[in-house]
Structures are given as structure tokens and as C-alpha cells.
Participant: 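Handing you a structure now.
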Amino acid sequence: IRELYPNQEWEITLLGSQEYKSLAEFIRLGVISFEPVFDSFISINRLIFRRNLIYRFKFQKFLQNFSYNTVLYPVYSRTSDGDQLVFITNANEKIGIDGNCLNITEQRKQKNNSNYTRLISVKSGWPSEVERNVSFVKELGINKSVDGIPRWKIPETIVDESMKLATSHGIKPPFTIFCPGASAKYRIWPAQKIASVIDYIWNKYRIPALICGTQADKIISVEIQKNLKGAKVACLCGSTDLAQLSALISSAKLCVTMD
């Protein structure tokens, strides 16, 4: 992004879910990234924004206090809320993806499309989000060779904290990680099948598992543990931020996630 918007000329603000806040702050300060790619981060509680009119109104007024020249919305399955946030910035240039209608009706999508100054077409079908991200940045005009896979250096302090957390739950390296949650129910693998994989790894290699995710993922974590036949497992759902989770993943023998 900095190739297209150099820091000598542009100030970049990242707007994202509040779950990203800790990771975003580390990246902004250059703690875990090789090069800071944005200058500030604005967090939003998407669920409250969708359901609470007072929160929505205050957040919109807050966002309108800033003056943006360009807004990028690189989401293939756009939402009405996301489109609305793009529009209220009153930026001169609004760039989005001409994606699918998974989270929005065709009629609403076509109406919202008219508010963008540019819509980028990326691969349809079932490419990974990584492939779509690469396609998006290339269409923006970024010539730097990228594979779309995020990489960062993880400070030893965060690694140590994460290892202590796992150990406090009875799990020591080597271990595997399972992240069973997903934004849409159809993306979630049945708890019985996840349990069977965890049991298989335990029976063959004697490697325990950590189940990680958000607070809400504790529900499926309980179901997974009910279906286990002896594997050693600990649940860390809701106990880690993204920086700690990345440290655990980097130390795991295997990581299984949805989608």
C-alpha cells in the first residue's frame, strides 16, 4: 500500500473491528511488522453498530470529523453497513470490490455501487481471501511482488506470554491449534468431525490440541470436547488477543481453521 501511498505524502488510517485493535497497534508502532503501513487505527464494534442506533449515529459523526481523500473497501462480500461507512466519509475517491451478494441484496448492491468512484473486479467462484487480496492490490496499480500472506516479527515477550498461557492450561509444546469459529454458520465444520481429527492426532502422535477463537467460540469448543475420545485438549477461546494467537500459531505443529 505504501508503494501507492508513500508516507511522505499520505497519512493512512485503518478502520476495523475492535478485535483487531491490539494487533493493529503493534503494527502501527512497528513492534511486530517489518514496515508500518498505516498511521492510525479506528476500531468499531460491528454488532453494536448494526443494532444500536445511538452508537451508529455517534460513530458516523465521529468519522465525519476527519477529511479523507481516498477510501479503500477491499471486501468481496460487502455489507450495507460497510458501504454506509464508506459513503459518509465524503472522500473524493471511493474504491471497492464488485463482489457477491452474500451479505447484501442484488438491488441494494446495485444502488450502493453508484456511490463508488471505482469498483474492482476480482476472481469469482471460490478463490481464497489471500488470492482476492493480491488481485485487489494489483488492480490498484501496486507493482511490488506480493503473495498476500501476512508476515510479522513476534516479540519474544508476546511469545513467552502465550507459552505461559498454554502451559497454565496444561498444554506444552509440541501442540496443535484448532480455530473452529467462522463468520457464517455454513463455514463451520461439525464439532464431531473436528473432534475426530483431534483424537486421530493424539492417538497417532500424542500431540495435544489448543482450541482458540473468540468468546463466542466457546460454544462449539464445548461441543468438540464432548465428542472427544481421550485426546488432551485445552480451550483458550476468548483468552488471547490476535498478537498472542499469532504467537501460538507460529509455535504450533499444525493449525486447522475454517474456510
Side-chain angles (χ1 to χ4, degrees), residues 16-24 26-27 31-33 45-47 77 102 126-133 147-259:
S17 176
Q18 62 182 17
E19 289 84 2
Y20 309 153
K21 188 174 182 179
S22 60
L23 187 62
F26 281 124
I27 294 174
V31 175
I32 63 174
S33 61
N45 187 313
R46 294 183 297 174
L47 183 62
S77 301
L102 186 65
W126 294 97
S128 68
E129 291 301 317
V130 169
E131 292 175 294
R132 287 191 179 125
N133 290 340
D147 57 16
I149 300 174
R151 295 178 176 86
W152 48 71
K153 53 185 179 183
I154 304 172
E156 286 299 321
T157 53
I158 296 178
V159 174
D160 290 342
E161 287 175 4
S162 303
M163 291 300 104
K164 287 179 181 177
L165 179 62
T167 302
S168 70
H169 284 73
I171 304 295
K172 296 180 180 180
F175 54 75
T176 61
I177 288 181
F178 286 77
C179 300
S183 59
K185 288 185 177 180
Y186 74 89
R187 293 178 173 176
I188 298 176
W189 215 28
Q192 299 93 325
K193 292 188 176 182
I194 297 175
S196 67
V197 175
I198 294 175
D199 274 324
Y200 174 82
I201 294 172
W202 173 255
N203 292 332
K204 186 167 185 177
Y205 303 104
R206 277 301 186 263
I207 298 178
L210 289 170
I211 302 176
C212 300
T214 65
Q215 190 76 21
D217 294 328
K218 284 186 175 182
I219 298 174
I220 189 173
S221 174
V222 170
E223 292 303 311
I224 292 170
Q225 292 177 78
K226 284 181 180 178
N227 285 275
L228 290 173
K229 294 178 171 55
K232 187 176 182 180
V233 170
C235 173
L236 295 184
C237 293
S239 299
T240 65
D241 58 31
L242 288 178
Q244 292 170 324
L245 178 59
S246 66
L248 288 170
I249 290 174
S250 70
S251 303
K253 284 290 184 181
L254 173 73
C255 182
V256 178
T257 69
M258 301 302 102
D259 197 27

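Keep in mind the model is a prediction, meaning the values are calculated, not measured.
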Participant: Under 3.5 Å, side chain of Asp160 to main-chain N/O of Thr157, donor-acceptor pair present?
Facilitator: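 Not at all, since once roles are kept as given, no pair shorter than 3.5 Å links the two residues.
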
Participant: Give the C-alpha distance, both sets of side-chain angles, the deciding distance and a yes or no for side-chain contact (heavy atoms from CB on, under 4.5 Å) between Leu248 and Gln244.
Facilitator: CA-CA 6 Å; Leu248 288 170; Gln244 292 170 324; 5.6 Å; no

Participant: Out of Cys179, Cys235, Cys237, Cys212, which residue meets the side chain to side chain contact (heavy atoms under 4.5 Å, CB included) rule with Asp217?
Facilitator: Cys237

Participant: Could you check whether atom CG of Leu242 has more than 12 heavy atoms from other residues, nucleotides or ligands sitting under 6.0 Å from it?
Facilitator: yes

Participant: Report the distance from atom CZ of Phe178 to atom CD1 of Ile198, rounding to the nearest 0.5 Å.
Facilitator: 4.5 Å

Participant: Enumerate the salt bridge (Lys or Arg N to Asp or Glu O under 4.0 Å) contacts for residues 169-188, please, sequence neighbours excluded, ordered by first and then second residue.
Facilitator: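 Every salt bridge (Lys or Arg N to Asp or Glu O under 4.0 Å) pair that includes a residue of residues 169-188, provided the two are not neighbours, is Arg187-Asp259.
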
Participant: Taking all non-hydrogen atoms of both residues, which atom of Ile207 and which atom of Pro174 are closest, and how far apart?
Facilitator: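 Ile207 and Pro174 have their closest heavy atoms at CG2-O, 3.6 Å.
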
Participant: Within this structure, what is the CG-OG distance for the pair Leu236 and Ser168, rounded to the nearest 0.5 Å?
Facilitator: 7.5 Å

Participant: Locate the shortest heavy-atom distance separating Pro208 from Ile171; write the atom from each residue and the value.
Facilitator: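 Minimum heavy-atom separation between Pro208 and Ile171: CB-CD1, 3.7 Å.
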
Participant: Return the set of residues passing salt bridge (Lys or Arg N to Asp or Glu O under 4.0 Å) with Glu223 (not counting sequence neighbours), or none when no residue passes.
Facilitator: Lys226

Participant: Show me the pairs that pass salt bridge (Lys or Arg N to Asp or Glu O under 4.0 Å) and involve residues 231-252, at least two apart or across chains.
Facilitator: none

Participant: With a 4.5 Å limit on heavy-atom distance, are the side chains of Leu254 and Tyr205 in contact?
Facilitator: no

Participant: Show, in sequence, the C-alpha distance, side-chain angles and deciding distance for Ile211 and Gln225, and conclude whether the side-chain contact (heavy atoms from CB on, under 4.5 Å) test is met.
Facilitator: CA-CA 10 Å; Ile211 302 176; Gln225 292 177 78; 4.2 Å; yes

Participant: Enumerate the residue pairs fulfilling salt bridge (Lys or Arg N to Asp or Glu O under 4.0 Å) with a member in residues 188-216, sequence neighbours excluded, ordered by first and then second residue.
Facilitator: none

Participant: Sequence neighbours excluded, which residues qualify as salt bridge (Lys or Arg N to Asp or Glu O under 4.0 Å) partners of Arg46?
Facilitator: none

Participant: Does Thr167 reach the main-chain N or O of Met163 with its side chain, forming a donor-acceptor pair under 3.5 Å?
Facilitator: yes

Participant: Is the shortest side-chain heavy-atom distance between Phe175 and Ser251 below 4.5 Å?
Facilitator: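 In contact.
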
Participant: Is there a side-chain contact between Ile154 and Ser246 (heavy atoms, below 4.5 Å)?
Facilitator: yes

Participant: Taking all non-hydrogen atoms of both residues into account, name the closest pair between Ile220 and Trp189 and its distance.
Facilitator: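 Looking at all heavy atoms of both residues, the closest pair is CD1-O, 4.0 Å.
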
Participant: Is there side-chain contact between Val197 and Thr176, with heavy atoms separated by less than 4.5 Å?
Facilitator: no

Participant: Hey, what do you get for CD1 (Ile249) to CD1 (Ile177), rounding to the nearest 0.5 Å?
Facilitator: 5.5 Å

Participant: Over all heavy atoms of both residues, which pair between Ile188 and Gly181 is shortest? Give the atoms and the distance, please.
Facilitator: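 Between these two residues, the closest heavy atoms are CG1-C, 4.5 Å.
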
Participant: For Gln18, which residues count as a side chain to side chain donor-acceptor pair (under 3.5 Å) partner, sequence neighbours excluded?
Facilitator: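 Once residues adjacent in sequence are excluded, Gln18 has no partner under the side chain to side chain donor-acceptor pair (under 3.5 Å) criterion.
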
